[in-house]
Number of protein chains: 2
Amino acid sequence: MTRESPTENEQPSRRLARELRGQITAGDLAPGDKLPSERALAAEHGVARNTAREAVRLLADEGLVTAEHGRGVFVRGKNRLMRFGQRRYARTLRRETGLSPYRAEVEAQGRTPRVECTSITRITPAPEIAERLGIDPEAETVVRRENWYYADEEPMQVGVTYSPWHIVEGTPVADSAKMGKGSLYARFEEQGYAITSIREEVTARMPTPSEVAGLAIPDGVPVLDVTHTGYDEHGRPFEVTVFVMRADFNALDYRMSVED
Amino acid sequence: MTRESPTENEQPSRRLARELRGQITAGDLAPGDKLPSERALAAEHGVARNTAREAVRLLADEGLVTAEHGRGVFVRGKNRLMRFGQRRYARTLRRETGLSPYRAEVEAQGRTPRVECTSITRITPAPEIAERLGIDPEAETVVRRENWYYADEEPMQVGVTYSPWHIVEGTPVADSAKMGKGSLYARFEEQGYAITSIREEVTARMPTPSEVAGLAIPDGVPVLDVTHTGYDEHGRPFEVTVFVMRADFNALDYRMSVED
DNA sequence: TAGTGGTCTAGACCACCAT
DNA sequence: TGGTGGTCTAGACCACTAT
């Protein structure tokens, strides 16, 4: 599969990257190990520092190493993945643990979860949101609720939930002071909107500069972009949540039957 | 959300990147437009060529532009997404159209699909595969079937299917000459394995060098990595397929009910 | 303070593309 | 052929980290 033999006329930066990659995959450089400094690599291999730097950049783009300013370049470990699927919304999970699915998943990994609602505003929905909520964006406003999800104080995900104003007006969903414990979906259920079916549209992309800053995303790590729509027992959509997750820490796990 | 105001002490490369990004998002530079050459950008903004180049690299990493050797740097258009979900496996789709779900999706977009099976081999499965197939990797071999998916001759996905030898021995699944038309799942069904439920584990990552080469993936485009397991009516797994898809052309669309 | 990565300069040559 | 991006050199200064 992966061809790792030297090519003729191979460029110095590629050659150096290939050598380092080999040491990483062979285990000579283990996760957490520090690579030689760019200056040392340059001297040892008889290239300019910028060339050694380019080699390191290639590895960073592949997600194999992470550079830390002033400290060095380190081999990235395999990260524990948090897996989220439709069980995220299961009622039994909420009833048995009293925990939101995010908290349950993080605690299961022995880490400390924290969820912070950073803003609740009332806005005119973007067309994509209004379309999924089945409302007229010019006639109805929505409540926009931004949640940040941390594990051991490291940011993992951002979720922005949109819900029609007429559904959440006066409820805890629209007022952080009244949210209480447990899942957002418990609050929806109390308002008569029990989540019964969902749609999840998944894609991946590189993070925007503000996402890099907000989620502290290292180089070479993409994000999963999940647009989730929740439907009640009558098939009516009542909330859309756009999740942005670090792809190196998060995965999705769906199990479903195949319809005829 | 996105902060695009100049910062004090902003670095020249970031400043130039921000200006170009602004022109792109404002529409002054439309999809398909060519950016000024690196040398022109450098001269116009009074920076070294390497600095202009760094600015372009930042935009490429965000997926906003693509550099084409010898031609120039171009603004990337929004790509049509092909959406795949559990309907991919629905029997009615196979029966009504006689097409594989991939072909159906691509034709629906007015493009020309092609699927090529590049290799069929019999191997000892990797532990992750054996685990999902519920077999002992030391006691049983699997058939490995590699399929490449194209749209207008542009590679979109690779899918590698693993199935226990005892299930596919002597069947068209293990012999490309006998495959015939239609979906692989039609062939499985003929062998008594009707796909009834599925599990899909989704994550995203940057492509490996060989994936970059094989799928012709531009800079700054991640891949979706989907491990799919197919189960028959008795809940027994009979095939695992690992899909690698360009994230800028592919999306996943799942609809499912939430269990109690 | 010494060592690290981050950025920048001002050149050079090469590989690719269109004309 | 001229213009483009791709790479490389050999320096320089800055920002961050650890001691």
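Keep in mind that this is a model prediction, so the values were computed, not measured. A, B, ... follow the sequence lines: proteins, then strands. Residue 1 opens every chain.
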Between A:Arg53 and C:dG6, does any side-chain N or O lie under 4.0 Å from OP1 or OP2? yes
Considering all heavy atoms, the nearest B:Leu58-B:Ala17 contact: CD1-CB, 4.1 Å
A:Asn50 side chain, from C-beta outward: closest of D:dG5, C:dT7, C:dG6: C:dT7
With hydrogens left out and only the distance checked, is there a donor-acceptor pair under 3.5 Å joining B:Arg49's side chain and the base of D:dG6? yes
Mark up nucleotides 14-19 of chain C, 5' to 3', with B wherever a protein heavy atom is under 4.0 angstrom from a base atom, S wherever such an atom reaches only the sugar-phosphate, and - elsewhere. -BBSS-
Apply side-chain hydrogen bond (donor to acceptor under 3.5 Å, both in side chains) to residues B:Tyr254 and B:Glu200 and explain how you reach the verdict. CA-CA 10 Å; B:Tyr254 300 113; B:Glu200 306 228 331; 2.6 Å; yes
When you measure from the side-chain N and O atoms of B:Thr51 to the phosphate of C:dT7, is any distance below 4.0 Å, counting only OP1 and OP2? no
Determine the contact category for B:Arg14: base if any of its heavy atoms lies under 4.0 Å from a base atom, sugar-phosphate if only primed atoms, P, OP1 or OP2 are that close, otherwise nothing. sugar-phosphate
Out of C:dT7, C:dG5, D:dC8, whichever nucleotide has its closest atom nearest the side chain of A:Pro12: D:dC8
Sugar-phosphate, base or nothing in reach of A:Val56, heavy atoms under 4.0 Å: nothing
Any pair with a residue in residues 121-132 of chain A that passes salt bridge (charged side-chain N to carboxylate O under 4.0 Å, His left out), sequence neighbours left out, goes on the list, sorted by first then second residue, please. A:Arg132-A:Glu201
Any side-chain donor paired with an acceptor under 3.5 Å for B:Ser119 and B:Thr121? no
Exercise: identify the closest heavy-atom pair between A:Pro222 and B:Pro222: CB-CB, 3.6 Å
Length of the line joining A:Leu58:CG and D:dC8:C1', which is rounded to integer Å: 14 Å
Side chain of A:Val47 (C-beta onward), nearest among D:dC8, C:dC8, D:dT9: D:dT9
Do the charged groups of A:Glu239 and A:Arg145 touch, with an N to O distance under 4.0 Å? no
Tell me whether the side-chain N/O atoms of B:Ser37 come closer than 4.0 Å to OP1 or OP2 in D:dT4. yes
